[in-house]
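Computation of the quantities below employed the complete heavy-atom set of this structure, encompassing side-chain atoms and omitting hydrogens, waters and symmetry-equivalent molecules. Just so we're on the same page: letters track the sequence lines, and every chain starts at 1.
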2 protein chains.
Amino acid sequence: MASRFFNLDEEKQLRILNAAIYEFAQKGYDQASTNEIVKSAGISKGLLFHYFKSKKDLYLFLHQHFVEVLKTEFFSELQFDEPDVFVRIKNIMMMKSQMMKKHPEIFNFLMSAYMESSSEVKHELDHNHHALMHSSYAKIFEDIDQSKFREGVDMNRAVQIVFWVLEGFSKQVMEKTELLGQSDNDFTDEFAEADVYIEILKKSFYK
Amino acid sequence: MASRFFNLDEEKQLRILNAAIYEFAQKGYDQASTNEIVKSAGISKGLLFHYFKSKKDLYLFLHQHFVEVLKTEFFSELQFDEPDVFVRIKNIMMMKSQMMKKHPEIFNFLMSAYMESSSEVKHELDHNHHALMHSSYAKIFEDIDQSKFREGVDMNRAVQIVFWVLEGFSKQVMEKTELLGQSDNDFTDEFAEADVYIEILKKSFYK
DNA sequence: TTCCCTTTTGACCAATCTGGTCAATTGTAT
DNA sequence: ATACAATTGACCAGATTGGTCAAAAGGGAA
């Protein structure tokens, strides 16, 4: 099914993919319209159903595909050798911000898929999602250098705190850059500010 | 318009309100169906348009009404005399959790309204929202006792950290209680755990 | 040109749904 | 019986739904 799709003009592929994830993100599975998708992709109705045999087929393909796309980009750009957990978490958060900036439509789509409640696709989605989380998230907290922590601090809670702080921080960054016109922003200032928070937390929890 | 509505059976009022916010939260303004609302409220089409002269009228009324409801409940149960910022933030977060637990439908509706992009209502919503945020949020950070902070700590950033940590914490609590069957939960354990985090942060930032 | 195969089209389907109206019915209090 | 408010639901005209399929268009080889 999908293999045939990838032989298309790359530009036509993109038009279809973008139109589809936009529509699904906007309206959710049930309410999304295949008519709307073909119209905004500039292709005929028949063609869409030629490549994807049903609406469900299309939706599940999109989900699988873009999870894969983000995963690939994420793991190719992240250095895993970073020994300090705090910095590791920071890198992940900043990367997430950069990727949300770069591919907002994909994030919107995957976020809406995460919230999707239509019984027609819910089961398959949950399955994909769990597989992803289990494989990716765990390794953030792997191999933490315990010797750096001051005696008496609860290491797990400390790491949790750092995680929440940087999550809050990157959420704030996203909201700010959304308000201002975005464009060229390379997050240099934000990296620096994130480091200030890291330093504060290190001073609190490290020896 | 709305004044007439409040003369109805209270039970009928509730049926209408619940049906409406559920539908709007589920599908967004454009895609929400007035037919669906009257069906699930068990009233006739004509009646809905008798009390609310249009779909837009209904939507904006619901928004205004439930913002008011939550605001009232929030400010009536919160003690403002709490002198410690950290505890103040904690109280607000825990209260938010409790209210989300108590009125999940209202939160869903207001959350979806916050994300609403339909041009027909966006402008009015933004206006309401801004008014709310400006009046409520500011006083969280009012009158902070600076003398408690250790020298050398950046007070604003410290408060920000506490805010993010407790936000992350309460989000986690919500997700957990959503997975488990909810029911009777009074958040006693969660209050205690939140206090642990508060203590850690106090030790870091206070004299 | 002719042949053959793949790609692409869009009219068509039957069903459902849209926000909103309004003449008619029902309920209630005098 | 009268008046008035509350309530109904059939009706409107048009749009939209996921999906099909015979036909047209494209393109390379003979």
Over how many whole Å does the gap from [X] atom [atom1] to [N] atom [atom2] extend?
| X | N | atom1 | atom2 | answer |
| --- | --- | --- | --- | --- |
| B:Asp57 | C:dG20 | CG | C1' | 13 Å |
| A:Phe5 | C:dT6 | CZ | C1' | 17 Å |
| A:Ile16 | C:dT9 | CD1 | P | 9 Å |
| B:Tyr29 | C:dT18 | OH | C1' | 12 Å |
| A:Ile43 | C:dA11 | CD1 | C1' | 17 Å |
| A:Tyr59 | D:dG18 | OH | P | 14 Å |
| B:Gln13 | D:dA6 | CD | C1' | 15 Å |
| A:Phe52 | D:dG18 | CZ | C1' | 16 Å |

- Message: The test is salt bridge (charged side-chain N to carboxylate O under 4.0 Å, His left out); show your working for B:Lys56 and B:Glu124 and say whether it passes.
- Response: CA-CA 11 Å; B:Lys56 180 174 176 180; B:Glu124 279 98 331; 3.7 Å; yes

- Task: In plain terms, say whether B:Lys90 and B:Asp84 are close enough for a salt bridge, that is, a side-chain N and a carboxylate O under 4.0 Å apart.
- Result: no

- Can a salt bridge be assigned to the pair A:Arg157 and B:Glu193 using a cut-off of 4.0 Å between side-chain N and carboxylate O? yes

- Query: Can you say whether the rings of A:Phe61 and A:Phe5 are parallel (under 30°), tilted (30 to 60°) or perpendicular (over 60°)?
  - Reply: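 The arrangement is perpendicular - the two ring planes meet at more than 60°.
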
- Message: For a quick check of understanding: with a heavy-atom distance under 4.0 Å over all strands, which category does B:Lys12 fall into, base, sugar-phosphate or nothing?
- Response: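 B:Lys12: backbone/sugar contact only, no base atoms under 4.0 Å.
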
- Between the side-chain atoms of A:Lys55 and the base atoms of D:dG19, is any donor-acceptor pair under 3.5 Å?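 Under the 3.5 Å cut-off, the side chain and the base do not form any donor-acceptor pair.
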
Quick one: which of [options] gets closest to the side chain of [X]?
| X | options | result |
| --- | --- | --- |
| A:Tyr51 | D:dT8, D:dG18, C:dT7 | C:dT7 |
| A:Lys45 | C:dA11, C:dT8, D:dA6 | C:dA11 |
| A:Phe49 | C:dG19, D:dT20, C:dT8 | D:dT20 |

Distance below 4.0 Å between [X] side-chain N/O and [N] OP1 or OP2:
| X | N | answer |
| --- | --- | --- |
| A:Asn35 | D:dT16 | no |
| A:Thr34 | D:dG18 | yes |
| A:Ser44 | C:dG10 | no |
| A:Lys53 | D:dT20 | no |

- A:Lys27 vs B:Gly42, nearer the 5' end of DNA chain D by closest nucleotide: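 Nearest-nucleotide comparison on DNA chain D picks B:Gly42.
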
- Contacts of A:Leu47 and A:Ser33 projected onto DNA chain D by closest heavy atom; the upstream (5') one is A:Ser33

- Donor-acceptor pair, B:Gln31 side chain versus A:Lys27 backbone, under 3.5 Å? no

